[in-house]
Amino acid sequence: MKLSYETLDNKDFWESKGVKLPSYDVRKITRKTVASPRWVHFGIGNIFRIFIGGIADKLISEKLLDRGITCVETFDYDVVDKIYKPFDNLVLAATLHQDGRRDFSILGSLCEALKADTKDGSAMKRLEEIFTNRELQLVSFTITEKGYALKGADGNYLPYVKNDIENGPDKCVGAMAIVTSMLYRRFKAGATPLALVSMDNVSQNGKKLRESVLEMSEKWIEKGFLDKDFLSYVSDEKRVSFPWSMIDKITPRPGEALSKDLKDMGIEDMDVLVTSKKTYIAPFVNAEAPQYLVIEDSFPNGRPPFEKAGVFMTDRDTVNKSERMKVTVCLNPIHTALCTYDCLLGYTFFADGMKDPELSKLAKQLGYVEGLPVVEDPKILSPKAFLDEVLNVRFPNAYMGDTSARIAVDISQMVGIRFGHTIKEHIKTDGTDKLVALPLAIAGWLRYLLAVDDNGKKFELSPDPMLNELTGLLSDVRLGDSDSVKDHLKPILSNKNIFGLDLYSTELGNKVETMVKELIEGQGAVRNTLKKYLS
């Protein structure tokens, strides 16, 4: 049985497999969504499908929302062609519990899938129709941190962004340029209000989104592509708002074991695919049960009743505190610190690394000892309870199948937020000389970049936009030769674009250097160094 509109009618089959079906008429909801969209989402990968799509599904099921989401992809068009259109945009959602239970449901809330390709005239015409619809209330995003970036670590515009600025709104390719182009269409069609909501795991994500849109707008106005009055529209948050948010739900790549189980259940075409852009996709999405979404309640054209689906709707300050709690202390820094050491110590799955005595100590030291004392309580969520759940329930969930290699993707884009904020807070209070786990985490990342594990075996590094630059700087650093470190770490540890500050302005620069030298002393040095500092 293949997942499709037609097979939804075969209720006996799905129910016999323990798969919960939509309680609403998916075709009817889809028709209404296509006729007059109210919610558009950019970046339509796994976390969007199961989490954001699940929120919409719940609201539709409870008759609190009468249409679904219009899905737009700007980066990897294979996602649309291979897992949306062939399955009528339906999602088989699999929730993986710590005790091994699995809950299955089909989500019918993703009602239209588009490729934001300026070379495709019909697709862009449709996107313009959507953005000029007065009923459109919000545009949300899960495009990853690099999706908002206009400039590289060197401070210069990324090549494709530079081309977008020069080519103008009709020939652009980047997400920020396409969104700005569509906002201009909305402005010309009556300047109806709209909310642009980043739901990415990025510090102050709404601010970053707004800054990128405004910068694209200003550059295009300078070049005569847009009317000057457009800037007053897009910069007025009473007309175009950019709510901040905090999102949290661990959503690993689709698992091969689950793929096999689904096929054994008689559900066809449940293969895991790897796109031309190295995205791991499948008609199903697997994720943990815990999930958190906190959104600043600023929607000038109205919004769905998100709070009825478990979303915390609050003010910007509370969102910021919640995000800092998660991203700079209670979850993401621990993910980042352990995933590189996992690769060095031979662990494929993150949950397995959590059982390692040294890595467990590293996680607890980083979270409880060095993180919690400088985190501000957002009140709506308890930092201590959140961290307890992360370390005792979520990270050790062996049924997630989340790989450390996945978590290690794009680390250079994240260390500034995940470690930099805590460093700055310690500078304000008790200084950085007592920090141990945090410099160990940074040193572990640098040791990881040598792509040789603790037994001297080579492994493949995860994708990262700075990978070539970083590995080039470390190319003369050799395992078994601590003296080879020399000054090769200084360009990295002093790079304010990476860490948010020059680590040599604190004790951490030299401390990390010392740790790296110890980590490369020879085979077994990684394990020995962890034992030394975490004993």
Side-chain angles (χ1 to χ4, degrees), residues 1-39 41 44-71 79-97 99-113 249 251 254-273 281-289 291 304-305 308-310 399:
M1 186 73 67
K2 182 177 178 178
L3 183 62
S4 68
Y5 283 164
E6 184 179 355
T7 60
L8 288 182
D9 297 329
N10 193 334
K11 294 182 180 180
D12 290 342
F13 170 81
W14 295 108
E15 290 174 358
S16 71
K17 306 301 179 184
V19 179
K20 181 182 176 182
L21 291 169
S23 61
Y24 48 89
D25 186 333
V26 176
R27 295 178 181 86
K28 181 180 178 181
I29 290 292
T30 296
R31 287 194 296 270
K32 192 162 188 176
T33 303
V34 172
S36 187
R38 285 187 179 172
W39 182 357
H41 188 94
I44 55 177
N46 293 327
I47 192 170
F48 160 69
R49 296 167 72 208
I50 195 168
F51 191 0
I52 312 306
I55 289 171
D57 179 79
K58 179 177 175 60
L59 293 176
I60 296 169
S61 298
E62 296 180 1
K63 296 181 170 48
L64 297 170
L65 194 63
D66 64 356
R67 64 201 82 185
I69 307 175
T70 301
C71 312
V79 173
V80 174
D81 292 332
K82 294 182 178 180
I83 60 168
Y84 273 80
K85 291 187 176 179
F87 300 93
D88 293 333
N89 303 327
L90 298 169
V91 183
L92 180 57
T95 300
L96 311 176
H97 298 277
D99 60 6
R101 288 180 298 113
R102 299 185 299 194
D103 296 330
F104 297 108
S105 61
I106 294 174
L107 309 181
S109 56
L110 311 183
C111 298
E112 183 179 14
K249 186 178 181 73
T251 309
E256 291 287 356
L258 182 55
S259 170
K260 181 180 182 301
D261 289 347
L262 291 171
K263 286 186 279 188
D264 289 344
M265 290 163 58
I267 306 174
E268 301 172 17
D269 299 335
M270 289 288 117
D271 298 304
V272 177
L273 308 173
I281 56 175
F284 64 90
V285 183
N286 42 237
E288 64 175 347
Q291 59 185 38
K308 301 293 186 181
Y399 296 96

| task | Please tell me if the side chains of His41 and Cys71 come closer than 4.5 Å, counting only heavy atoms from C-beta onward. | result | no

| message | Test your reading of the model: is there a side-chain donor-acceptor pair from Tyr84 to the backbone of Ile44, 3.5 Å cut-off? | response | yes

| said: Ignoring hydrogens, what is the shortest heavy-atom contact between Gly266 and Phe13? Give both atom names and the distance. | reply: O-CZ, 3.7 Å

| task | Please report the shortest heavy-atom distance between Ile106 and Leu21, naming the atom on each side. | result | CD1-CD2, 3.7 Å

| said: Given 3.5 Å as the limit, does a donor-acceptor pair link the side chain of Asn286 with the main chain of Leu258, or not? | reply: no

| said: Please evaluate residues Ser36 and Arg67 with respect to the criterion side-chain contact (heavy atoms from CB on, under 4.5 Å), reporting the C-alpha separation (whole Å), side-chain torsions for both, the decisive distance (0.1 Å), and the verdict. | reply: CA-CA 9 Å; Ser36 187; Arg67 64 201 82 185; 3.5 Å; yes

| Asp103 and His97: which non-hydrogen atoms are nearest, and at how many Å? | OD2-NE2, 2.7 Å

| remark: Interatomic distance, CG@Leu262 vs CG@Asp271, rounded to 0.5 Å, equals 10.5 Å

| Between the main-chain N or O of Ala93 and the side-chain N or O of Arg49, is there a donor-acceptor pair closer than 3.5 Å? | no

| remark: Closest non-hydrogen atoms of Arg102 and Asp261, given as atom of the first, atom of the second and distance, are NH1-OD2, 2.8 Å

| said: Any heavy-atom pair between the side chains of Asn89 and Cys111 that's under 4.5 Å? | reply: no

| remark: Rounded to the nearest 0.5 angstrom, the CG-NZ distance for Leu65 and Lys308 is 13.5 Å

| said: Quick check: closest heavy atoms across Trp14 and Thr7, and the distance to 0.1 Å? | reply: NE1-O, 2.8 Å

| How long is the gap from CZ on Phe51 to CD on Gln291, to the nearest 0.5 Å? | 4.0 Å

| query | Between the side chain of Thr33 and the main-chain N/O of Gly68, is any donor-acceptor distance below 3.5 Å? | reply | yes

| Side chains of Val91 and Asp57: closer than 4.5 Å at any heavy-atom pair? | no

| remark: In this structure, CD of Glu268 is separated from NZ of Lys263 (nearest 0.5 Å) by 11.5 Å

| Point-to-point distance, once rounded to the nearest 0.5 Å, from CD1 of Ile267 to NZ of Lys17 | 7.5 Å

| query | Got a second to check how far Ile50's CD1 is from Phe284's CZ, nearest 0.5 Å? | reply | 10.5 Å

| request: Could you tell me whether the side chain of Ser109 and the main chain of Leu107 form a donor-acceptor pair under 3.5 Å? | output: no

| Within the distance-only criterion (no hydrogens, no angle test), does the side chain of Lys2 pair as donor or acceptor with the backbone N or O of Phe87 below 3.5 angstrom? | no

| Is there a side-chain contact (heavy atoms from CB on, under 4.5 Å) between Arg38 and Asp66 once you walk through the steps? | CA-CA 10 Å; Arg38 285 187 179 172; Asp66 64 356; 4.0 Å; yes

| message | Tell me whether Arg27 is salt-bridged to Asp88, with the criterion being a basic N under 4.0 Å from an acidic carboxylate O. | response | no

| Do you know the tightest heavy-atom contact between Val80 and Pro86? | O-CD, 4.1 Å

